[in-house]
Amino acid sequence: MCDTIFDSQGGLEAPEDYFRLAYAHVRAVGGLCVADEVQAGLARTGHWWGFQHYGVVPDIVTLGKPMGDGHPIGIVVTRREIAEQFAARALYFNTFGGNPVSAVVGSKVLEIVEREDLPRRCAETGAVLRRRLQELQQRHPVIGDVRGLGTFLGIELVEDRATRAPAAALARRVPEAMKERGVLMGLSGRYGNVLKVRPPLVFSVDHVDQLVGTLDEVLTELRSGSDAA
């Protein structure tokens with residue numbers, strides 16, 4: 001069972017052949033491959049599902065809160081033969097399983113994603129955003145790397161690009177400064193030095209200027225204050 005983008009590790013992308021090789025090893029010993037698409041799925045990475053970037057088809061897919069756009073919902077998708085084997089071997093009961101309201105909400109979300117072609121929009125907007133962030137990287141040595149897929153990006157902040165020493169103290173100050181200017185982002189990564197850019201799917205090219213411009217201002221201000229100190 002594996003995410004198809006490594007968010008907690010700092011927005012890391014898997015090597016191109018990673019999932020293909022991993023799936024082959026698991027299936028060779030009779031295992032099932034489960035793709036966790038709670039964060040990577042539903043258009044955000046530029047495809048409907050994160051696993052599509054790697055040319056694999058999982059046996060089971062898990063989906064979560066994005067499917068409800070604020071309404072509580074969780075979904076498991078699998079092949080009929082797997083579901084039938086599970087039902088034959090185990091007793092499963094869930095008080096809220098199959099809630100009709102949640103089913104309608106999830107269906108409507110899928111309908112909107114398809115109607116508005118959000119995978120394509122996320123891919124196009126993400127490409128523009130990544131390019132603009134890489135341009136920002138040229139002006140701010142503290143940005144060590146820009147990575148990710150679609151509109152799911154990580155901005156790694158470092159003390160020194162040669163050593164890649166994490167600029168964790170600075171990174172912790174950025175989200176609050178961004179929030180004060182009307183832009184929300186989080187932190188991730190082993191050292192807490194990766195800015196997590198994961199905007200809602202309504203995010204468009206028109207919003208890129210606001211995000212990048214605000215980050216430019218914040219980094220300039222925080223770095224100036226740090227140098228003065």
Should the heavy atoms of other residues, nucleotides or ligands under 6.0 Å from CD of Glu84 be counted, would the total exceed 12? yes
So, His25 side chain and Ala22 main chain: donor-acceptor pair closer than 3.5 Å or not? no
Is the count of non-hydrogen atoms from other residues, nucleotides or ligands lying under 6.0 Å from Phe86 atom CZ greater than 12? yes
Side chains of Ile155 and Val174 in contact at under 4.5 Å (non-hydrogen atoms): no
Treating Asn99 as the side-chain partner and Ser102 as the backbone partner, does any N or O pair qualify as donor plus acceptor under 3.5 Å? yes
Over 12 non-hydrogen atoms of neighbours within 6.0 angstrom of CZ in Arg139: yes
Can you tell me if Arg80 has over 12 outside heavy atoms packed within less than 6.0 Å of its CZ? no
Leu201 to Leu42 - nearest heavy-atom pair and separation: CD1-O, 3.5 Å
Which heavy atom of Val109 sits nearest a heavy atom of Pro66, and at what distance? CG1-O, 4.1 Å
Do any N or O atoms from the side chain of Arg130 and from the backbone of Gly148 form a donor-acceptor pair under 3.5 angstrom? yes
Is it true that atom CD of Glu116 has more than 12 heavy atoms of other residues, nucleotides or ligands lying nearer than 6.0 Å? yes
Under the 3.5 angstrom rule, does the side chain of Arg161 hit a backbone N or O of Val142 as a donor-acceptor pair? no
Donor-acceptor pair between His53 and Thr4 side chains, under 3.5 angstrom: no
Is the side chain of Thr125 donor-acceptor paired with the backbone N or O of Arg121 at a distance under 3.5 Å, no angle test? yes
Check: Gln9 main-chain N/O paired with Ser188 side-chain donor or acceptor under 3.5 Å: no
With a cut-off of 6.0 Å (strictly less than), are more than 12 heavy atoms of other residues, nucleotides or ligands near CZ of Arg181? yes
Which heavy atom of Arg27 sits nearest a heavy atom of Val57, and at what distance? NH2-O, 2.7 Å
Taking the side chain from Asp160 and the backbone from Ala165, do they hold a donor-acceptor pair closer than 3.5 Å? no
Please find the pair of heavy atoms, one from Phe19 and one from Ala14, that lie closest to each other, and give the distance. CE1-CB, 3.6 Å
Tell me, please, which residues at least two apart from Asp209 pass side-chain contact (heavy atoms from CB on, under 4.5 Å). Arg132
Side-chain donor/acceptor of Gln137 to backbone N/O of Gly144, under 3.5 Å: yes
Does Gln52 use its side chain to pair, donor to acceptor, with the backbone of Trp48 at less than 3.5 Å? yes
Heavy atoms only: give me the nearest Phe152-Ala40 pair and the separation to one decimal. CE1-N, 4.4 Å
Check Pro175 against Met185 and note the closest heavy-atom contact, atom names and distance. CB-O, 3.6 Å
Take atom OH in Tyr191; do more than 12 heavy atoms of anything else shown fall under 6.0 Å from it? no
Whether the side chain of Asn193 engages the backbone of Glu156 through a donor-acceptor N/O pair (distance < 3.5 Å, no angle test) should be reported. no
